[in-house]
**Student:** 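To start, I am sharing the structure in question, which I have written as structure tokens.
From a predicted model like this one, the values you see are computed outputs, not experimental measurements. Excluded from the calculations below are hydrogen atoms, water molecules and symmetry mates; all remaining heavy atoms, backbone and side chain alike, are included.
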Amino acid sequence: MIPFLILGLLQQGVGSYGYELLTYMRTHHFDYVIHYTKGSFYYNLTQLAHKGLIQQLPATTADAKETRYQITAAGVADFRRAFARFGQVNDPTPMAFYAVLLFADQAPDLLPELLRGQIATTEKKIALTETSLRETPDLPNHFSQILTNTVAHHRANLIWYQELLATYTD
């Protein structure tokens, strides 16, 4: 997914330096959609260049410290394939806590504390996402709708977690 994001950003012309792309992803809250680190970002940037999906541009000055990139024709084709592939994915939410709940009857004594932790984390996610929606007016394309949907999903989970906690603490 990280290569897909990099290729898409290079096509949008958000920047050509790795640092510009990474900064854009951070300031536009891409971490709400996919987990990435600085290391995984630069690793994927290097791999895309190695595969010929992006290419390094000549330095604009002799003392340029970072490499600039542009997407290649092969990169555009790869982006389009990934766009079609990811656009068809409709997996259930891959959340480790859901897997824990599959075995709730194996350790019911541990669940209240875990549920309280999930409730606190979910409340923070809701607050952060709502703040992002309010304070970031230039979210790309449908991202504000994605974040709005994310809030609704978290609110549904919050209600569910609170109901579950009540059943384990009564």
**Student:** Among residues at least two apart in sequence or on other chains, which ones pass salt bridge (Lys or Arg N to Asp or Glu O under 4.0 Å) with R81?
**Tutor:**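 Residues passing salt bridge (Lys or Arg N to Asp or Glu O under 4.0 Å) with R81: D78.
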
**Student:** On a heavy-atom basis, which atom in L10 and which in Q70 lie closest, and how many Å separate them?
**Tutor:**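 Heavy atoms of L10 and Q70 come nearest at CD1-C, 4.4 Å.
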
**Student:** I want to check something: taking the side chain as every heavy atom from C-beta on, are I6 and Y36 in contact at a cut-off of under 4.5 Å?
**Tutor:**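 Heavy-atom side-chain distance check fails, nothing below 4.5 Å.
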
**Student:** Under a 4.5 Å side-chain heavy-atom rule over Ile, Leu, Val, Met, Phe, Trp and Tyr, are I54 and Y42 clustered together?
**Tutor:**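 Linked within one cluster.
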
**Student:** Could you tell me whether a side-chain N or O of T121 sits under 3.5 Å from a main-chain N or O of Q118, the two making a donor and an acceptor?
**Tutor:**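 No; zero donor-acceptor contacts below 3.5 Å.
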
**Student:** As an exercise, state the distance from NE2 of H154 to CG of N149, rounded to the nearest 0.5 Å.
**Tutor:**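 Reported value, rounded in 0.5 Å steps: 9.5 Å.
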
**Student:** Does H28 form a side-chain contact (heavy atoms from CB on, under 4.5 Å) with D138? I'd like the steps, not just the answer.
**Tutor:** CA-CA 8 Å; H28 288 81; D138 62 340; 3.3 Å; yes

**Student:** Could you state whether W160 and Y168 fall into the same hydrophobic cluster, counting links through intermediate Ile, Leu, Val, Met, Phe, Trp or Tyr residues with side-chain heavy atoms under 4.5 angstrom apart?
**Tutor:**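 Per the 4.5 Å side-chain linkage, W160 and Y168 are co-clustered.
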
**Student:** Looking only at the side chains, is there a donor atom on one of R134 and T131 sitting less than 3.5 Å from an acceptor on the other?
**Tutor:**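 R134 vs T131: donor-acceptor pair found between side chains.
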
**Student:** Mind checking whether H153 and K125 have side chains closer than 4.5 Å, heavy atoms only?
**Tutor:**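 The answer is no, as the side chains (C-beta and beyond) never meet within the 4.5 Å cut-off.
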
**Student:** Nearest 0.5 Å please: distance from the NE2 atom of H50 over to the CG atom of L48.
**Tutor:**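 These two atoms lie 11.0 Å from each other.
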
**Student:** Assigning hydrophobic clusters by single linkage (Ile, Leu, Val, Met, Phe, Trp, Tyr; side-chain heavy-atom cutoff under 4.5 Å), is L57 placed with V76?
**Tutor:**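 L57 and V76: separate clusters.
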
**Student:** Below 4.5 Å, heavy atoms only, C-beta onward: do Q56 and Y69 meet side chain to side chain?
**Tutor:**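 Yes. Closest side-chain heavy atoms under 4.5 Å.
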
**Student:** Can you find a heavy atom in the side chain of F41 that is under 4.5 Å from one in the side chain of L5?
**Tutor:**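 No, side chains not in contact.
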
**Student:** Quick one: ring pair (Phe, Tyr, Trp, His ring centres under 6.0 Å) partners of F4, sequence neighbours excluded?
**Tutor:**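 So F4 forms a ring pair (Phe, Tyr, Trp, His ring centres under 6.0 Å) with F79, F86.
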
**Student:** Please test Q12 against L9 for side-chain contact (heavy atoms from CB on, under 4.5 Å), starting from the C-alpha separation and ending with a verdict.
**Tutor:** CA-CA 5 Å; Q12 283 183 340; L9 290 174; 3.7 Å; yes

**Student:** Tell me whether the count of non-hydrogen atoms from other residues, nucleotides or ligands lying under 6.0 Å of CD in E113 goes above 12.
**Tutor:**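 Open: at most 12 neighbouring heavy atoms sit under 6.0 Å from CD of E113.
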
**Student:** So which heavy atom on L45 is nearest to which on G18, and how close?
**Tutor:**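 Reported closest heavy-atom pair: CD2-CA, 3.8 Å.
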
**Student:** Under 3.5 Å, is there a donor-acceptor pair between the side chain of N44 and the main chain of S40?
**Tutor:**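 Looks like yes, one N/O pair under 3.5 Å.
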
**Student:** Sequence neighbours left out, what passes salt bridge (Lys or Arg N to Asp or Glu O under 4.0 Å) with R80? Give chain and number order.
**Tutor:**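 R80 satisfies salt bridge (Lys or Arg N to Asp or Glu O under 4.0 Å) with no residue once adjacent residues are dropped.
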
**Student:** Taking the side chain as everything from C-beta on, heavy atoms only, tell me whether E123 gets closer than 4.5 Å to I126.
**Tutor:**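 SC-SC contact between E123 and I126 ruled out.
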
**Student:** If Ile, Leu, Val, Met, Phe, Trp and Tyr residues are connected whenever their side-chain heavy atoms lie under 4.5 Å apart, and connections chain through other members, are L165 and L110 in the same group?
**Tutor:**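 Yes, it is one cluster - the side chains of L165 and L110 are joined through contacts under 4.5 Å.
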
**Student:** To check you understand the geometry: which heavy-atom pair defines the closest contact between Y17 and E66, and what is its length?
**Tutor:**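 Residues Y17 and E66, closest heavy atoms: CE2-O, 3.3 Å.
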
**Student:** Within a 6.0 Å radius of atom OH on Y19, are there more than 12 heavy atoms belonging to other residues, nucleotides or ligands?
**Tutor:**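 At most 12 heavy atoms, drawn from other residues, nucleotides or ligands, come within 6.0 Å of this atom.
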
**Student:** Classify the side-chain pair H29/T136 by whether it contains a donor and acceptor separated by less than 3.5 Å.
**Tutor:**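 Yes, T136 and H29 have a side-chain donor paired with an acceptor closer than 3.5 Å.
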
**Student:** Quick check for you: to the nearest 0.5 Å, what is the distance between Q162 atom CD and L115 atom CG?
**Tutor:**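 Output value for this atom pair is 10.5 Å.
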
**Student:** For residues L114 and I159: do they belong to one hydrophobic cluster (side chain heavy atoms under 4.5 Å, members Ile, Leu, Val, Met, Phe, Trp, Tyr)?
**Tutor:**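 Shared cluster, no.
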
**Student:** Checking side-chain contact (heavy atoms from CB on, under 4.5 Å) for the pair L164/L111: CA distance, chi angles, key distance, verdict?
**Tutor:** CA-CA 9 Å; L164 281 172; L111 275 178; over 6 Å; no

**Student:** Can you check whether L147 reaches S132 side chain to side chain, under 4.5 Å on heavy atoms?
**Tutor:**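 Yes, close enough: below the 4.5 Å cut-off.
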
**Student:** Using every non-hydrogen atom in the two residues, find where I2 and H35 come nearest and quote the distance to one decimal.
**Tutor:**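 Scanning both residues, the minimum pair turns out to be CD1-O, 4.2 Å.
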
**Student:** How close do Q11 and I71 get, counting heavy atoms only, and between which atoms?
**Tutor:**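 Answer, listing the atom of Q11 first, then I71: CG-CD1, 3.6 Å.
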
**Student:** Provide the closest heavy-atom pair for S144 versus L133 in the form atom of the first, atom of the second, distance.
**Tutor:**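 Smallest heavy-atom distance, with atoms named: O-CD2, 3.5 Å.
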
**Student:** Counting only N and O atoms by type, is there a donor-acceptor contact under 3.5 Å from the side chain of T72 to the main-chain atoms of G52?
**Tutor:**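 Pair found, side chain donor or acceptor close to backbone of G52.
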
